[in-house]
Amino acid sequence: MLLGSRLIRRLSWLAPLVALVVIAACARDFPQTTLAPKGDLARIEDGVFFETVKWATLVFVLVEGALLYAVFRFRGKPGDPEPDQIHGNTVVEVIWTVIPALILAMIAVPTVKAIFKENETPKGDALTIEVVGHQWWWEFRYPEFNLTTANELHVPVGHTISLKMGAYDVVHSFWLPQFAGKRDVFPNRETRLWFTAEEAGEYSGQCAEFCGIQHGRMAFRVVAQPPAEFDQWVGHMKLITMQPTATSAVPRDSVHTSSAGAAVQQPAAAPAPQNADSAKASTGSEDPLVAQGQKLFLMKGCVGCHSLVAYNAPKGLLGPNLANVGARSYIAAGTLKNTDENLTHWIRFPQDVKHGVLMPNLGVTQDEAKALVAFLRTHR
Ligand code: CUA
């Protein structure tokens with residue numbers, strides 16, 4: 001027993017090393033790691049980080065090495081005379097001022113270079129995407145294609161993305177660790193960020209500035225796709241929402257007056273196909289459950305905050321655009337996996353899932369929620 005505990009004590013210095021190895025091995029399980037860059041901007045930031053770590057490690061090894069050497073080599077014994085005092089030794093003081101200054105300069109050069117590079121506006125045929133932070137979700141607009149989506153950003157691999165960012169209500173921070181790092185977004189002020197995705201896949205992003213009680217549930221996904229696949233997605237998004245004009249039970253105005261920020265939500269030129277139209281046209285389903293869900297979507301007031309059109313969508317709506325909600329991997333801004341069960345629960349009890357969110361508990365029954373889910377699943 002005694003032997004065991006002594007052995008453990010002897011080997012305890014290994015613990016941090018083992019922890020480090022385990023963490024490194026599990027790095028792939030941390031989707032928001034900054035240590036696995038998959039884009040050019042993230043790679044620049046990673047470079048600055050490792051440059052700093054390299055110098056810090058060198059300083060650590062040299063200083064600790066000298067310390068250990070002194071401890072063992074010059075260990076004092078009782079009765080030894082007082083050692084020589086070096087206080088006020090100009091040579092020593094100059095050395096330990098100049099060396100750190102040089103090291104800081106070595107770190108400052110790549111850091112400042114990276115800061116300038118990061119603040120450049122990408123030239124050429126970068127794809128501009130507008131990002132709007134809301135409490136607590138992300139709106140993504142593609143002015144080039146006149147498309148709007150929410151919480152799931154699709155980007156083509158190998159194509160520079162230029163983000164023009166703002167906020168609808170309070171200060172948020174757009175953080176996309178594997179591609180682009182972090183940048184604050186403000187109401188009434190534009191900030192920018194750019195990146196080029198290097199590898200196809202799904203990536204995690206997150207709001208990184210405290211913005212209210214559900215700040216932690218303000219995540220987003222980035223779907224990086226090969227260019228051909230991305231073009232297909234753009235075509236698909238236009239197709240699912242380009243509806244013929246039809247008469248509708250909901251006057252177009254109601255979509256607008258029921259949402260705040262009327263000044264920003266007016267779509268650019270041609271009148272947008274409205275929610276009710278798209279609901280009717282995009283389902284066209286004979287499934288009675290879907291038809292019931294469509295009716296409920298209008299009756300329960302969902303239509304007042306959510307648009308079901310991605311193309312030429314009304315801007316500044318209170319709720320996320322739902323044009324392709326049926327195909328997204330998460331709902332409620334990364335809070336829940338997009339399963340039928342979760343979506344039903346979210347529709348019925350949004351205030352339980354995400355307390356304080358603008359979506360109220362509308363008194364939707366289980367059956368009604370099922371119909372709404374069936375209807376929303378057709379929007380994909
Ligand atoms: Cu938005 Cu934190």
Side-chain angles (χ1 to χ4, degrees), residues 30-34 39 41-42 45 118-119 128-142 148-155 161-195 202-223 259-261 263-265 305-307 313-325 328-338 342-343 346 349-361:
F30 298 110
Q32 279 172 195
T33 178
T34 51
L41 188 58
E45 290 160 357
E118 206 169 309
N119 281 293
T128 300
I129 300 176
E130 294 167 0
V131 175
V132 187
H134 296 251
Q135 279 177 318
W136 293 278
W137 58 281
W138 295 95
E139 181 177 352
F140 301 118
R141 302 184 197 143
Y142 298 74
T148 302
T149 188
N151 297 329
E152 208 170 87
L153 179 68
H154 285 244
V155 297
I161 307 297
S162 173
L163 300 176
K164 294 168 83 172
M165 310 194 289
Y168 186 77
D169 31 44
V170 299
V171 179
H172 304 271
S173 186
F174 181 89
W175 183 39
L176 182 48
Q178 285 185 284
F179 287 147
K182 191 184 287 175
R183 180 129 316 157
D184 282 3
V185 300
F186 307 89
N188 302 320
R189 189 184 136 191
E190 188 183 280
T191 46
R192 307 191 75 142
L193 198 61
W194 57 267
F195 68 91
E202 264 201 45
Y203 301 87
S204 295
Q206 168 71 39
C207 178
E209 174 80 45
F210 183 72
C211 56
I213 51 169
Q214 294 298 344
H215 152 72
R217 295 200 177 100
M218 189 172 163
F220 58 96
R221 309 285 291 172
V222 174
V223 183
S259 59
V264 290
Q265 73 186 14
C305 294
H306 297 283
S307 176
K315 289 180 180 172
L317 288 184
L318 283 182
N321 189 298
L322 299 180
N324 65 340
V325 67
R328 290 179 199 155
S329 44
Y330 284 83
I331 49 170
T335 306
L336 297 170
K337 281 256 184 200
N338 190 5
N342 285 342
L343 192 51
W346 170 233
F349 308 110
Q351 292 301 321
D352 297 11
V353 175
K354 207 168 162 178
H355 182 74
V357 76
L358 285 178
M359 184 151 89
N361 286 356

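Counting starts at 1 for both ligands and their atoms, following the listed order.
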Next item on the list: Could you tell me the angle subtended at atom 1 (Cu) of ligand 1 by SD of Met218 and SG of Cys207, rounded to 10°?
Entry: 110°
Next item on the list: Check step by step if side-chain contact (heavy atoms from CB on, under 4.5 Å) holds for Lys182 and Phe174.
Entry: CA-CA 6 Å; Lys182 191 184 287 175; Phe174 181 89; over 6 Å; no
Next item on the list: Please find the N/O/S atom of Glu209 nearest to atom 2 (Cu) of ligand 1 and write down its name.
Entry: O
Item checked: Non-hydrogen side-chain atoms of Lys354 and Trp346 separated by less than 4.5 Å -> yes
Check: Under 3.5 Å, is there a donor-acceptor pair linking the side chains of Ser204 and Arg221?
Finding: yes
Next item on the list: Using 2.8 Å as a strict upper limit, say whether an N, O or S atom of His172 approaches atom 2 (Cu) of ligand 1 that closely.
Entry: no
Check: So which of the N, O or S atoms of His215 lies nearest atom 2 (Cu) of ligand 1?
Finding: ND1
Margin query: What I want to check is whether the side chains of Ser329 and Glu202 have a donor and an acceptor closer together than 3.5 Å.
Written below: yes
